[in-house]
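In what follows, residues are counted from 1 in the order of the sequence shown. Excluded from the calculations below are hydrogen atoms, water molecules and symmetry mates; all remaining heavy atoms, backbone and side chain alike, are included.
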Amino acid sequence: RLSYKAKDGITYFFNLIENMKDKERVKKIFELRFYGTKEQRKWKHIGEQLNITPQQCTNVFNFAKSEIYKKMIKEEYNK
């Protein structure tokens, strides 16, 4: 069970994804990677769901993670 603060953080995180260029793929990758079953979390399975290679999945994931981190740091400094 997630605390209110954690739920708010997850909402914030997915709102950042909504503003990304490749939001549909990024959202699907993050949902499967963090909320999927053990089998669904595998890059091979995620790639099959999105019709891309496992390596492309990791590239999209890492790029999105980096962009989200930059946005979070930037917003933290602007407070």
Quick check, are the ring centers of Phe30 and Phe13 under 6.0 angstrom apart? yes
If I take atom NZ from residue Lys71 and atom CD1 from residue Ile17, how far apart are they, to the nearest 0.5 angstrom? 9.5 Å
Hydrophobic clustering (ILVMFWY, side-chain heavy atoms < 4.5 Å, transitive) - are Ile68 and Phe63 grouped together? no
Going by heavy atoms in the side chains, are Trp43 and Phe61 under 4.5 Å from each other? yes
Nearest heavy-atom neighbours spanning Met72 and Tyr12: CG-CE2, 3.7 Å
Evaluate whether atom OH of Tyr69 has more than 12 neighbouring non-hydrogen atoms of other residues, nucleotides or ligands under 6.0 angstrom away. no
Lys65 meets the salt bridge (charged side-chain N to carboxylate O under 4.0 Å, His left out) criterion, sequence neighbours left out, with none
Could you tell me which residues satisfy side-chain hydrogen bond (donor to acceptor under 3.5 Å, both in side chains) with Lys70, sequence neighbours excluded, listed by chain and number? Glu67
Atom NZ of residue position Lys44 - does it have more than 12 heavy atoms of other residues, nucleotides or ligands inside 6.0 Å? no
Name every donor-acceptor pair, under 3.5 Å, that has one atom in a side chain of residues 20-27 and the other anywhere in the protein, sequence neighbours excluded.
unit_1 : atom_1 : unit_2 : atom_2 : d
Asp22  : OD1    : Arg25  : NE     : 3.4
Asp22  : OD2    : Arg25  : NE     : 2.8
Asp22  : OD2    : Arg25  : NH2    : 2.8
Lys27  : NZ     : Glu18  : OE2    : 3.4

Stepwise side-chain contact (heavy atoms from CB on, under 4.5 Å) check, Phe34 with Ile29: CA-CA 8 Å; Phe34 294 111; Ile29 288 171; over 6 Å; no
Looking at residues at least two apart in the chain, or sitting in another chain, which of them share a salt bridge (charged side-chain N to carboxylate O under 4.0 Å, His left out) with Lys28? none
Residue pairs passing the salt bridge (charged side-chain N to carboxylate O under 4.0 Å, His left out) test with at least one member in residues 30-39, sequence neighbours excluded, are Glu39-Lys42
Which atom pairs, donor and acceptor, lie under 3.5 Å between side-chain atoms of residues 45-54 and protein residues at least two apart or in another chain?
unit_1 : atom_1 : unit_2 : atom_2 : d
Thr53  : OG1    : Gln56  : N      : 3.1
Thr53  : OG1    : Gln56  : OE1    : 3.3

